[in-house]
Amino acid sequence: MKELEVAQQAARIGGEIVAKYFRDGVEIRSKDAHNLVTDADVESEKAIVECIRDHFPDHEVLGEEGHEADISAEHLWIIDPLDGTTNFAHKIPHFAVSIAYFHNGRPEVGVIWNPIRDDLYIAARGQGATHNGQSVQVGSETEFKDVLIGVGFYYDRGIVMECTLAAVKEFFEQQIHGIRRFGTASLDLCNVGCGLVGAFFEFELSPWDFAAGQLFVEEAGGQITTCQGDRLPIEKSSVLASNGHLHEKTLAITKRHYEMTK
Ligand code: IPD
Ligand code: CA
Ligand code: CA
């Protein structure tokens with residue numbers, strides 16, 4: 001499938017730009033309170049979009065750093081040129097380039113690459129999920145007492161943060177092994193797909209944060225919905241991903257606390 005090849009090529013191009021800036025250093029700017037951006041984000045997006053448009057001039061591309069798109073288009077690419085900018089800015093080598101291709105509103109291809117650790121995650125509809133070429137699957141745990149739970153915090157420091165913390169507390173009370181906050185949503189979803197965490201949730205994410213990871217979780221045998229159990233939209237949304245066996249139980253907690261944000 002040509003889209004899968006192009007997605008990998010584009011991820012490599014973007015990731016190499018990001019990795020170069022990571023090694024050489026780059027000025028950190030604030031988009032708004034707590035939300036950082038650098039030339040690495042902007043240049044990576046530009047190069048990724050150029051690569052996609054070279055191959056598919058009539059496809060729509062939605063990107064975090066300024067590329068707007070008709071999300072109802074038949075062919076839609078959704079890209080995060082640098083997911084985990086806060087880690088990147090603090091010299092923590094846990095960030096990624098995330099590229100998804102959607103056909104008629106459905107994810108068909110997802111590629112996520114951490115260029116520093118050279119970790120490549122690929123999902124293609126009906127073909128499964130791989131990590132560095134090895135097929136991966138979600139975990140088989142059915143009980144909270146056997147898993148880690150991943151969480152993400154959006155940039156908000158108000159009610160969304162308060163409710164996320166309340167949900168975290170409730171997860172701790174279920175005797176889970178622990179909570180993890182790694183700071184890169186696309187890789188958090190890969191962690192679910194690879195069976196490292198039993199579930200991951202975040203109350204507010206943008207489509208570029210979860211578009212590729214969404215397919216990765218599904219192709220690895222997991223389940224992904226909003227924190228209220230609905231199908232994910234191609235717009236800002238809460239996200240709950242799990243190994244499937246834990247979905248109902250996790251949902252019961254995220255749903256209640258998410259409703260308190262409204
Ligand atoms: C962020 C990361 C982070 C998540 C934030 C996202 P960015 O993306 O994925 O893990 O908690 O909600 O916005 O801004 O680094 O591309
Ligand atoms: Ca992101
Ligand atoms: Ca980003």
Side-chain angles (χ1 to χ4, degrees), residues 1-15 41 44-84 96-113 120-131 136 138 152 184-190 192-193 200 202 204-242:
M1 185 191 195
K2 192 175 167 198
E3 284 83 359
L4 178 56
E5 278 167 40
V6 173
Q8 289 185 67
Q9 195 184 327
R12 293 269 176 203
I13 290 170
D41 302 62
S44 169
E45 177 154 319
K46 188 165 171 275
I48 291 168
V49 174
E50 268 170 24
C51 173
I52 295 169
R53 292 221 166 113
D54 275 354
H55 293 276
F56 302 108
D58 57 341
H59 288 194
E60 291 282 319
V61 186
L62 176 68
E64 178 174 12
E65 307 307 334
H67 287 86
E68 290 175 10
D70 170 9
I71 58 163
S72 65
E74 180 182 357
H75 302 285
L76 173 68
W77 293 76
I78 305 180
I79 62 174
D80 192 334
L82 170 46
D83 187 29
V97 172
S98 175
I99 300 188
Y101 164 71
F102 280 53
H103 184 244
N104 286 331
R106 213 169 68 140
E108 294 291 328
V109 164
V111 173
I112 295 164
W113 187 42
L120 179 64
Y121 302 87
I122 296 178
R125 179 166 297 280
Q127 293 173 42
T130 61
H131 174 213
V136 294
V138 290
T184 300
S186 57
L187 293 173
D188 289 323
L189 294 173
C190 293
V192 175
F200 163 79
E202 182 158 347
E204 192 160 333
L205 282 172
S206 296
W208 42 79
D209 299 313
F210 60 79
Q214 169 182 359
L215 185 62
F216 191 85
V217 169
E218 286 175 347
E219 286 296 322
Q223 204 174 337
I224 184 163
T225 61
T226 69
C227 285
Q228 294 179 294
D230 299 320
R231 190 178 159 192
L232 286 178
I234 306 181
E235 59 188 33
K236 262 195 179 173
S237 174
S238 63
V239 172
L240 168 63
S242 78

- List the steps and the verdict of side chain to side chain donor-acceptor pair (under 3.5 Å) for E74 and H103. CA-CA 5 Å; E74 180 182 357; H103 184 244; 3.0 Å; yes
- Hey, what do you get for CD1 (I122) to OG1 (T130), rounding to the nearest 0.5 Å? 4.5 Å
- Query: Side chains of E64 and D41: does their closest heavy-atom pair fall under 4.5 Å?
  - Reply: no
- Are any non-hydrogen side-chain atoms of Q223 and V138 less than 4.5 angstrom apart? no
- Message: Is there a side-chain contact between F216 and L189 in this structure, where contact means two heavy atoms from C-beta onward sitting under 4.5 Å apart?
- Response: no
- So do V111 and L4 actually touch side chain to side chain, heavy atoms under 4.5 Å? yes
- Message: With rounding to the nearest 0.5 angstrom, report the CG to CZ distance, D58 to R53.
- Response: 10.5 Å
- Apply the test side-chain contact (heavy atoms from CB on, under 4.5 Å) to residues Q9 and H55: give CA-CA distance (whole Å), side-chain angles for both, the deciding distance (0.1 Å), then the verdict. CA-CA 11 Å; Q9 195 184 327; H55 293 276; 3.6 Å; yes
- Note on the structure: Closest heavy-atom pair, V97 versus S44, reported as atoms and distance to 0.1 Å, is CG2-OG, 4.4 Å
- Query: Distance from I13 atom CD1 to E50 atom CD, nearest 0.5 Å?
  - Reply: 9.0 Å
- Say you draw a straight line from CG of L215 to CD of Q127; how long is it, rounded to the nearest 0.5 Å? 10.0 Å
- State, with a plain yes or no, whether a side-chain heavy atom of K46 is found less than 4.5 Å away from one of E65. no
- Message: How long is the straight-line distance from CG of D188 back to CZ of F200, given to the nearest 0.5 Å?
- Response: 4.0 Å
- Task: Work out which heavy atom in S242 is nearest to a heavy atom in V217; give both atom names and the distance.
- Result: O-CG1, 4.1 Å
- Are side-chain heavy atoms of S186 and D80 found at a separation under 4.5 Å? no
- Message: How close do A7 and I99 get, counting heavy atoms only, and between which atoms?
- Response: O-CD1, 3.8 Å
- Does the side chain to side chain donor-acceptor pair (under 3.5 Å) test come out yes or no for D83 and S98, once each step is laid out? CA-CA 7 Å; D83 187 29; S98 175; 5.9 Å; no
- Task: Walk me through it: do V6 and Y101 pass the test side-chain contact (heavy atoms from CB on, under 4.5 Å)?
- Result: CA-CA 10 Å; V6 173; Y101 164 71; over 6 Å; no
- Testing T225, I224, V192 for side chain to side chain contact (heavy atoms under 4.5 Å, CB included) with L240, which one passes? T225
- Query: Does the cation-pi check pass for K2 over F56, that is, NZ or CZ under 6.0 Å from the six-membered ring centre and within 45° of its axis?
  - Reply: yes
- Message: With a 4.5 Å cut-off on side-chain heavy atoms, are H59 and E3 touching?
- Response: yes
- Task: For P107 and A211, work out which heavy atoms get closest and say how close.
- Result: CB-O, 4.4 Å
- Item | For the student: nearest non-hydrogen atoms of E202 and A185, plus distance | OE1-CB, 4.5 Å
- Message: Could you walk me through whether C190 and I112 satisfy the side-chain contact (heavy atoms from CB on, under 4.5 Å) test, starting with their C-alpha distance in whole Å, then the side-chain angles of each, then the deciding distance to 0.1 Å, before giving a yes or no?
- Response: CA-CA 8 Å; C190 293; I112 295 164; 3.6 Å; yes
- Item | Distance in Å, I48 CD1 paired with H67 NE2, rounded so as to fall on 0.5 Å steps | 10.0 Å
- Query: Ignoring hydrogens and geometry, is there a side-chain-to-backbone donor-acceptor pair from E60 to D70 under 3.5 Å?
  - Reply: yes
Tell me which donor-acceptor pairs under 3.5 Å the side chains of residues 231-239 have, and how far apart each pair is, sequence neighbours excluded?
| from | atom 1 | to | atom 2 | distance (Å) |
| --- | --- | --- | --- | --- |
| K236 | NZ | Y154 | OH | 2.7 |
| S238 | OG | C227 | N | 2.8 |

- Give a yes or no on whether the backbone of W208 and the side-chain of S206 come within a donor-acceptor separation of less than 3.5 Å. no
